[in-house]
Number of protein chains: 2
Amino acid sequence: MQNALRKFKAEIFQALSHPTRIAIVEMLREGEVSAGTLYENLGLEQANASQHLAVLRAKQVVVNRKEGNQVYYSLRSLLLVDVLDTMRQYFEIQLAENLGLLDEIRQEAAISGEEGS
Amino acid sequence: MQNALRKFKAEIFQALSHPTRIAIVEMLREGEVSAGTLYENLGLEQANASQHLAVLRAKQVVVNRKEGNQVYYSLRSLLLVDVLDTMRQYFEIQLAENLGLLDEIRQEAAISGEEGS
DNA sequence: TAAGTATATTCGAAATTTCGAATATACTGT
DNA sequence: ACAGTATATTCGAAATTTCGAATATACTTA
C-alpha cells in the first residue's frame, strides 16, 4: 500500500525536478497561461517547452484546455502552490546557510545589474 | 537570480524523486535514525541505502552525526515535514481522481491481506 | 483546398540515475 | 595488531532524462 503511494509521490517530485518545469509551474501560479506565452516569457525553444509540458501533463501536475488554435495550461490543484510556498520558506532558510549558492545568486544579480535591469 | 534559485529548488525535488528516498525521509520524520536501522526497516541492501543517503546528503536534505561505529541521520529542516504533509493532502485529492492508482493500491492491499497482516 | 499559425511528437545522441557486486574506510573490542 | 561491525565508495551496465532538429497534427483564414 505504501509502495504505490511512495511511487506516486516520487513521480510528482520527479515532475518538479527540473529548473524549466519549476519555472513553468511558478508561472502558472497566477492562473491559466497559453503554451506560446509560456515559452516566450521563459525564453525556451518551442519544442523544449512542449516536452516539459508533456512531463507535467503525464504526472498530472498541469491540465490543459484547447481554445481555437491555442492550448491553455493551468495547475491541476492549488495545493501545489502551498507546497511551493512551504518550499520557498525552506529554501530561504537553506539559502542563509548555503554561502556558495548565495554567492552564485549575487553574481547573477551583478551580471544582470550591469546590463541595466 | 531566479535561475540559481530554481536550480536549487529543482535539486531538492530531485532528491525526493525516488520512492526509496521518500521512504527514508518519511522514516526520519519522527527523528534521528541510524543508517543500519534505516536499511533494515526498509528492507534495503546496505550499499543501496547508503547510495540513497548520499544523494540526500549531497542535496542537504539530511544531516548526519557519527557516534562510535554508527551514523545517525536526521532531516536538516523540519519544514520538509510540512512540505510532505501538504503533499499528502495533495495526493489524497489526486488519489480520489485517479482510479488506476487506487486499483493498484487495492491490489497491493489484497495481496498483503492474503499473507495475513 | 492551400497557406499560415500554434502546439505536439519522434528521433537519435549525450548526460544522468540507478543498481548490485566488490571494495574501502573507520571505528571497536580483544 | 587483528578480527569484527557499520557505513561509504567505486565500478560498470542498464535504464531514464534531456536536448535540438526535424516532422507531424490541428486549427484558422483566405
Side-chain angles (χ1 to χ4, degrees), chain A residues 3-4 6-25 27-28 31-76, chain B residues 3-4 6-25 27-28 31-76:
Chain A
N3 290 334
R6 283 199 286 252
K7 192 180 161 203
F8 183 65
K9 291 182 183 182
E11 281 174 0
I12 303 295
F13 285 124
Q14 206 276 331
L16 299 174
S17 72
H18 193 284
T20 298
R21 292 195 295 267
I22 301 263
I24 291 174
V25 170
M27 197 162 170
L28 295 180
E32 219 180 35
V33 179
S34 76
T37 305
L38 267 173
Y39 79 74
E40 278 167 21
N41 281 275
L42 297 177
L44 303 172
E45 299 267 323
Q46 183 272 321
N48 191 243
S50 202
Q51 286 168 338
H52 283 298
L53 285 169
V55 172
L56 292 172
R57 248 185 296 126
K59 304 300 168 57
Q60 318 234 54
V61 170
V62 301
V63 144
N64 60 345
R65 175 177 73 81
K66 236 171 179 167
E67 184 175 318
N69 226 1
Q70 278 154 300
V71 179
Y72 291 90
Y73 281 88
S74 55
L75 293 181
R76 183 166 181 201
Chain B
N3 289 334
R6 283 200 285 253
K7 193 180 160 202
F8 183 65
K9 291 182 182 183
E11 282 174 359
I12 303 294
F13 285 124
Q14 206 277 329
L16 298 174
S17 72
H18 193 285
T20 298
R21 293 196 294 270
I22 301 262
I24 290 174
V25 169
M27 196 160 171
L28 294 180
E32 219 180 36
V33 178
S34 76
T37 305
L38 267 173
Y39 77 74
E40 278 167 21
N41 281 275
L42 297 177
L44 303 172
E45 299 267 321
Q46 183 272 322
N48 191 243
S50 203
Q51 286 169 339
H52 283 298
L53 285 169
V55 172
L56 292 172
R57 249 185 295 126
K59 304 300 171 52
Q60 317 235 55
V61 170
V62 300
V63 144
N64 60 346
R65 175 179 73 80
K66 236 171 178 166
E67 184 176 317
N69 226 3
Q70 279 153 300
V71 179
Y72 290 90
Y73 281 89
S74 54
L75 292 181
R76 185 168 180 200

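Reckoned from all heavy atoms, side chains included, excluding hydrogens, waters and symmetry mates. In what follows, chains are A, B, ... by sequence order, proteins preceding strands, each numbered from 1.
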Checking contacts here: which listed nucleotide (C:dA8, C:dC19, D:dT18) is nearest the side-chain heavy atoms of A:Arg57?
C:dA8

Side chain of B:Tyr73 (C-beta onward), nearest among C:dT18, D:dA8, C:dA8:
D:dA8

C:dA8 base to A:Gln46 side chain: any donor-acceptor pair below 3.5 Å?
yes

Selection from C:dT18, D:dT7, C:dT7 that lies nearest to any side-chain heavy atom of A:Ser34
C:dT7

Of C:dA26, C:dT7, D:dT9, the nucleotide closest to the side chain of A:Val71 is C:dT7

Within the modelled atom types, does a donor on one side and an acceptor on the other bring the side chain of B:Gln14 and the base of D:dT17 under 3.5 Å apart?
no

Proximal nucleotide (of D:dT18, D:dT9, D:dA21) relative to the A:Ala47 side chain:
D:dA21

Any N/O donor-acceptor pair, B:Asn69 side-chain to C:dT28 base, under 3.5 Å
no

Please determine, for D:dA14, whether a Watson-Crick or G-U wobble partner exists with both distances under 3.5 Å, and give it or none.
C:dT17

B:Arg6 (side chain) donor-acceptor with A:Ile22 (main chain) under 3.5 angstrom:
no

Please report the distance, rounded to the nearest Å, between CD in B:Gln70 and P in D:dA8.
11 Å

Starting from P on C:dT18, measure out to CG on B:Leu53 and report it in whole angstrom.
13 Å

